[in-house]
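Note that the structure is a prediction, hence the values are computed from the model and not measured. Residue numbers begin at 1 in each chain, while the letters A, B, ... track the order of the sequences.
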Protein chains: 2
Amino acid sequence: MNEFNEYFKSAFTVDNVIFGFDEGDLKVLLIKRGEEPYHGKWGLPGYFVYPNEDLDTAAKRVLEQLTGLRNVFLEQVKTFGTVNRHPFGRVITVAYFSLIKISHYTLQPSSIARKAKWHSVAEVEDLAFDHNDILNACFNRLKWLVRSRPVGFELLPPKFTLTELQHLYEAILETKLDKRNFRKKILTMDLLVDLEETQEGVAHRPARLYQFDRNRYEQLLAEGLSFELKESKRKEPAERKPRTKRTPQEMA
Amino acid sequence: MNEFNEYFKSAFTVDNVIFGFDEGDLKVLLIKRGEEPYHGKWGLPGYFVYPNEDLDTAAKRVLEQLTGLRNVFLEQVKTFGTVNRHPFGRVITVAYFSLIKISHYTLQPSSIARKAKWHSVAEVEDLAFDHNDILNACFNRLKWLVRSRPVGFELLPPKFTLTELQHLYEAILETKLDKRNFRKKILTMDLLVDLEETQEGVAHRPARLYQFDRNRYEQLLAEGLSFELKESKRKEPAERKPRTKRTPQEMA
DNA sequence: CACACTTAGTGTATATTGTACACAATTTTA
DNA sequence: TAAAATTGTGTACAATATACACTAAGTGTG
């Protein structure tokens, strides 16, 4: 076994890419690093895996320690192991990702992480280590995932409107969808429970609220669900007319 | 940096799951281990990653050193890191997979690997380490892949018949497909070049030979190819009649 | 309190794709 | 020359995807 000693000098970490959805925008959870290396820079919540700890366990622990988030389902995505990706030595990192409802969790950044904050995925700056690459890989995974199954309920509050759901899909897929076809597709899957409630406090016709039917979802998965949403080719509607009365004829 | 020293005591390896297709059967390349641990057992071709070596590079090197296979495209699948998966200490392993044409490569097992041999995926025995889990994960990846794009040309010789292609898909998907629908689907994708040649030395009507059109494939991928093959629900044909003359009427 | 504003909600006709299914054609072999 | 083996082909029907526009139901305001 002596001959192998030279190999036992490396370390590994886990990094978590946590997606959320808020204000019509896809977000990712970042922490402002409170220690070296990259002290003061934004990065993904990650840390070393303990010697006696499984990878999945480590990912959960690290996430909780850095942000206070608990009971989050994490899925392994990819491992990054470029030789010089970490200044302290040879460190490979296993990337995990998850989808959560932002409003349901309260961030409690630890002392190591000085700050944890949701950032718009579209506007993420230059991150510590190779975290931009990692984020990218996870974002691609999310896009891929959302095409193959009606994921994304994880990102919405328990009660949501069909329009919110559609906006979520549009944000992830970076495309526009046709309202009627989207609704038809979602509703025929029988995945939503109509709560027979409506929105309140909006200055327009309030939308119905729905809830995700998790049992039905498990059932569909077991059946080998396939799910595809195609981009709407509809041309942009012409600009809104200014605030004046319109005669019925104009509406044809 | 001192505080981190305890983390720099682990090692990592790469393990390769190489699939091939031969005699109508999906195969995986295994080596008979020539050193401890698990000396004498069959396992995946894998080894430690050198301290100054990237993961992808290591996967390629290891594969070549153990089997003589070169220029094989390898794709990362998943990382396995259970605490006690390796008797020598904390070792996590990154699994890679690939598809190759068996007939195109000659195996040249190294002295470390006493033997490299293709095994039927369906009949793989108890392997070293957690290699059964790794193989499983990669097999699932292959199934998933084959559903989303017309992969698998990688597994066939450069010239092949449509029936061979169909058998390959049936082997991977563990299902039966309808001949006419399969051909229609494949041919309308315009992925095959009809070589205007036929099989030789078969005791029946010889089949046309086709070649895979790689350019067209790249193009389809860029367009965001989607591809789905559904199981044939056709009932098994009744048992063949014995070798006797049949009148035309009987064939209705 | 009427009307302007905003967003929700709905249906249909057409095109595309998937599916089930059976027999004639071409080669070898005895 | 007949049988065996396997290739190769088409069509009708069903299911799914797509394009598309107006009415409904609230709120705000002048």
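Residues B:Thr198 and A:Thr163 both approach DNA chain C. Their nearest nucleotides, taken by heavy-atom distance, put A:Thr163 toward the 5′ side. Between B:Glu164 and A:Ala203, the one whose closest nucleotide on DNA chain D sits nearer the 5' end is B:Glu164.
Remark: P of C:dG18 and CZ of B:Phe182 are 14 Å apart, rounded to the nearest angstrom. Separating the CD atom of B:Glu196 from the P atom of D:dG8 is a distance of 13 Å, rounded to the nearest angstrom. Here D:dC20 presents its C1' atom at 16 Å from CG of A:Leu177, a figure rounded to the nearest Å. In this structure, B:Glu197 places its CD atom 17 Å from P of D:dT7, rounding to the nearest Å. Atom P of nucleotide D:dT9 and atom CG of B:Leu162 are separated by 9 Å, given to the nearest angstrom. Nucleotide D:dA25 holds its P atom 18 Å from the CD atom of A:Glu200, rounded to whole Å. Atom-to-atom, CG of B:Leu165 to C1' of D:dT7 comes out at 15 Å; the value is rounded to the nearest Å. Atom pair B:Tyr210:OH and D:dT7:P shows a separation of 12 Å (rounding to whole Å applied).
Of the residues A:Tyr217, A:Phe21, A:Phe212, A:Tyr169, the one that meets the ring pair (Phe, Tyr, Trp, His ring centres under 6.0 Å) test with A:Phe153 is A:Phe212. When each of B:Thr163, B:Asp25, B:Leu155 is checked for a side chain to side chain contact (heavy atoms under 4.5 Å, CB included) with B:Leu168, only B:Leu155 meets the rule.
The side chain of A:Lys184 sits closest to D:dT18 out of D:dT11, D:dG26, D:dT18. Which of C:dG9, D:dT9, C:dT27 sits closest to the side chain of B:Arg183 comes down to D:dT9. Among the nucleotides D:dT7, C:dC21, C:dT27, the one closest to the side chain of B:Asn181 is C:dC21. Checked against D:dT7, C:dT27, D:dA17, the side chain of B:Arg205 finds its nearest nucleotide in D:dT7. Comparing atom distances between the B:Arg180 side chain and each of D:dA21, C:dA22, C:dA20 picks out C:dA22 as nearest. Closest to the side chain of B:Lys179, out of D:dT9, C:dA20, D:dG26, is D:dT9.
Using a 30° and 60° split on the angle between ring planes, A:Phe19 and A:Phe139 fall in the tilted class, from 30° to 60°.
Annotation for B:Glu170 and B:Leu177: closest pair OE2-N, 2.9 Å, computed over non-hydrogen atoms. Across all non-hydrogen atoms, the minimal contact from B:Leu127 to B:Asn132 is N-OD1, 2.9 Å.
Taking side-chain N and O atoms only, B:Lys185 has a distance below 4.0 Å to OP1 or OP2 of C:dG18. Residue A:Arg208 places no side-chain N or O under 4.0 Å from the OP1 or OP2 atom of C:dA8.
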